[in-house]
Amino acid sequence: MSAPNPTPYYPYRRRSIFGPLVLIALGTVLLLGNMGVINSHAFFTWFGRWWPVLLIALGLVKLLEYTWARQKGYPPPRLGAGIVVFLVFFIIFGLTTTGLTRVNWSGIGSEIDTGDSDLGDFMGGFWGNTYEFTDNFASPVKSASQIKIIAGRGDIKITASQDDQAHAVLTKRIRSDSQENANRANEAAQPKFEQQGGILLLDLSGGSYQRGKFDLDLELPRRNSLSVSTHRGDISIEDREGSVDASTDRGDISLEKIKGNVSTHLRHGSFTARNVAGNVTLDGTVSNTTVSDLNGSLSMNGTFWGDMQLSRVAKQVRFTSSRTDLQFAGLDGDFNMEPDDLRASDVVGPFSISTRSKGIHLQDVSGAVRVKNRNGTVEVGSKSLGPIDISNIHGEIDLALPANAGFQLDAESLGGEIQTDFSVNVDNSRRNATANGTVGKGGPVVRLRADRGTIQVRKQ
């Protein structure tokens, strides 16, 4: 009888010590973080730079385990499935953390607006704390003809001073991982006015002003011309006798009681100007626009995607965008333009607009009127008749004229009909409806063209 086969011997394979070491290290870091010993910002900054050292440590541990096992005649420990999965996620997390530590969160905060607190403040709260400081300083304005303010990130408010000095209150909101580092950043950000020829300069755009928000409240002499710019922040200027140049990449501009000319640039924000004696120029990408009591002219060029409200503009208004080209000589009443609708009253002509997909409603227009539109109704009420030329595609034309007006009518509607209260020749029997004739003693030419839309010429 043959002996039974002996049970094969499988030498015991020891487990790697790496798993327990990882748990000990992770638990220690979490405990120290909960106790406040380790600052989260400092730790993540350190980890984002040095995490590959942990991979090197793993390799050394595995090499030592392999050498020891060979010396003892044991099989070397293997990496289990759990460790492999851990390493995959660890490497992904490490690469992500490295990328995040290289991002300029302050710069992103300057570009992205999320309401009262932007992304920079959000990330500042995640990586550290925000510390607030206040500085007060002043400077005499001697021979300077212009005061120039440059800011990187912060709101700027300017009012008139009661003397010949420039007074400033600077509120600093500095993001930092500790009070000590915030104090250092505060000491490094100590602005002052500098005289450069005929310019008095206050510059808050350098490296010391990158980590945080620096709001300026200024009192400046009225007579000096003013140049103000900030990369991210609102600008408010009130009570100036000299000219004003204001620019912000992301923020609102508000002007009031300005006697000189105004030049403004906006990349994203709203614009408000009230009681301005000089001319106003506005360009950029603008949301809402409000202008009232302007004694000069108004020129607007760029992208305007919000509401526009104008009231009492003494001189020419010129508006240019990719969709609309508009100009008129003045405004005694109100003007409101939305993306798909325009309503105005007491407009001083000549009035000219070329646009599309917009309803146009004008009341009490004086002087010449020229309208070119499509995909929208055109309604015009004239109180002082001048030459009128209206062309509308896929939309109606409704023209109201004084009952005693004298003019020459030349109207044609393709695919529509013509209705009128005046005694002229009207022919609606054909596909092209027409109306022609002289009203009263004649006068300006009223030319109306509609493509697939009704034309109505009525008495007021």
> Do you see a donor-acceptor pair shorter than 3.5 Å between the side chains of S354 and D325?
Replying inline: no
>> Between the side chains of R223 and D164, is the shortest nitrogen-to-carboxylate-oxygen separation below 4.0 Å, so that they form an ion pair?
In response: yes
> When L298 is tested against each of L331, T281, L310 for side-chain contact (heavy atoms from CB on, under 4.5 Å), which residue passes?
Replying inline: L310
>> Under 6.0 Å from the ring centre and within 45 degrees of the ring axis: does the NZ or CZ of K192 meet both conditions for the six-membered ring of F137?
In response: no
>> For L200 versus P140, what's the shortest heavy-atom pair and its separation?
In response: CD2-O, 4.4 Å
> Just by distance, with hydrogens left out, do T324 and T355 show a side-chain donor and acceptor under 3.5 Å apart?
Replying inline: yes
> So, D421 and R458, do they make that salt bridge, N to O below 4.0 Å?
Replying inline: no
>> For the residue pair D334 / S311, report whether a side-chain donor-acceptor contact shorter than 3.5 Å exists.
In response: yes
>> So, taking the atom named CD1 in I150 and the one named CG in L202, what distance separates them when rounded to the nearest 0.5 Å?
In response: 9.0 Å
> Is there a side-chain contact between N336 and E338 (heavy atoms, below 4.5 Å)?
Replying inline: yes
>> Atom CD of residue position Q363 - does it have more than 12 heavy atoms of other residues, nucleotides or ligands inside 6.0 Å?
In response: no
>> Counting only heavy atoms from other residues, nucleotides and ligands, does the tally under 6.0 Å from CZ of R274 exceed 12?
In response: no
>> Ignoring hydrogens, what is the shortest heavy-atom contact between L170 and P191? Give both atom names and the distance.
In response: CD2-CG, 3.4 Å
>> For the CD1 atom of I258 and the CD atom of E238, what is their distance to the nearest 0.5 Å?
In response: 8.0 Å
> Per the side-chain contact (heavy atoms from CB on, under 4.5 Å) rule, which among I360, I390, V347 passes with V380?
Replying inline: I390
>> Once rounded to the nearest 0.5 Å, what's the spacing between atom OG1 of T434 and atom CG of L414?
In response: 12.0 Å
> Any idea which heavy atoms bring A138 and Q165 closest together, and the distance?
Replying inline: CB-OE1, 3.8 Å
> So do I149 and L216 actually touch side chain to side chain, heavy atoms under 4.5 Å?
Replying inline: yes
> Between M300 and V286, is any pair of side-chain heavy atoms under 4.5 Å apart?
Replying inline: no
>> Looking at D283, is its backbone amide N or carbonyl O close enough to the side chain of N301 to form a donor-acceptor pair, meaning the two atoms are under 3.5 Å apart?
In response: no
> With side chains defined as the heavy atoms from C-beta onward, is the minimum distance between I418 and N428 less than 4.5 Å?
Replying inline: yes
> Among side-chain atoms of E412 and N432, is any donor-acceptor pair under 3.5 angstrom?
Replying inline: yes
>> I'd like to know if the side chain of K172 and the backbone of A189 have a donor-acceptor N/O pair within less than 3.5 Å.
In response: yes
> Which atom pair, heavy atoms only, marks the closest approach of R232 to R250?
Replying inline: CD-O, 3.5 Å
> Short question: side chain of S236, backbone of I156 - any donor-acceptor pair under 3.5 Å?
Replying inline: no
> How about N183 and E187: does a side-chain donor come under 3.5 Å of a side-chain acceptor?
Replying inline: no
> So, do L266 and T248 sit near enough that their side-chain heavy atoms are less than 4.5 Å apart?
Replying inline: yes
> Between H394 and R374, is a side chain to side chain donor-acceptor pair (under 3.5 Å) present by the stated rule, with each step listed?
Replying inline: CA-CA 6 Å; H394 299 169; R374 62 187 304 148; 4.9 Å; no
>> Pairing donors with acceptors under 3.5 angstrom, does anything connect the side chains of D217 and H167?
In response: no
> Will you find, in the side chains of S270 and S287, an N or O donor that is under 3.5 Å from an N or O acceptor?
Replying inline: yes
> So do D239 and T159 actually touch side chain to side chain, heavy atoms under 4.5 Å?
Replying inline: no
> Do any N or O atoms from the side chain of R240 and from the backbone of P221 form a donor-acceptor pair under 3.5 angstrom?
Replying inline: yes
> Any side-chain heavy-atom pair from V317 and F335 closer than 4.5 angstrom?
Replying inline: no
>> Using side-chain heavy atoms (C-beta onward) and a distance below 4.5 Å, is T289 in contact with L282?
In response: yes
> How long is the span from the NZ atom in K459 to the CG atom in L401, to the nearest 0.5 Å?
Replying inline: 11.0 Å
> To the nearest 0.5 Å, what is the distance between CG (N181) and CZ (R175)?
Replying inline: 14.5 Å
> Checking side chain to side chain donor-acceptor pair (under 3.5 Å) for the pair D341/H361: CA distance, chi angles, key distance, verdict?
Replying inline: CA-CA 8 Å; D341 193 70; H361 312 273; 3.2 Å; yes
>> Does this structure show an ion pair linking K213 with D215, if we count only N-O contacts that are shorter than 4.0 Å?
In response: yes
> Crowded around K148 NZ? As in, over 12 foreign heavy atoms under 6.0 Å?
Replying inline: no
>> Looking at S297, is its backbone amide N or carbonyl O close enough to the side chain of N279 to form a donor-acceptor pair, meaning the two atoms are under 3.5 Å apart?
In response: yes
>> Rounded at 0.5 Å granularity, tell me how far NZ in K383 sits from CD in Q460.
In response: 10.5 Å
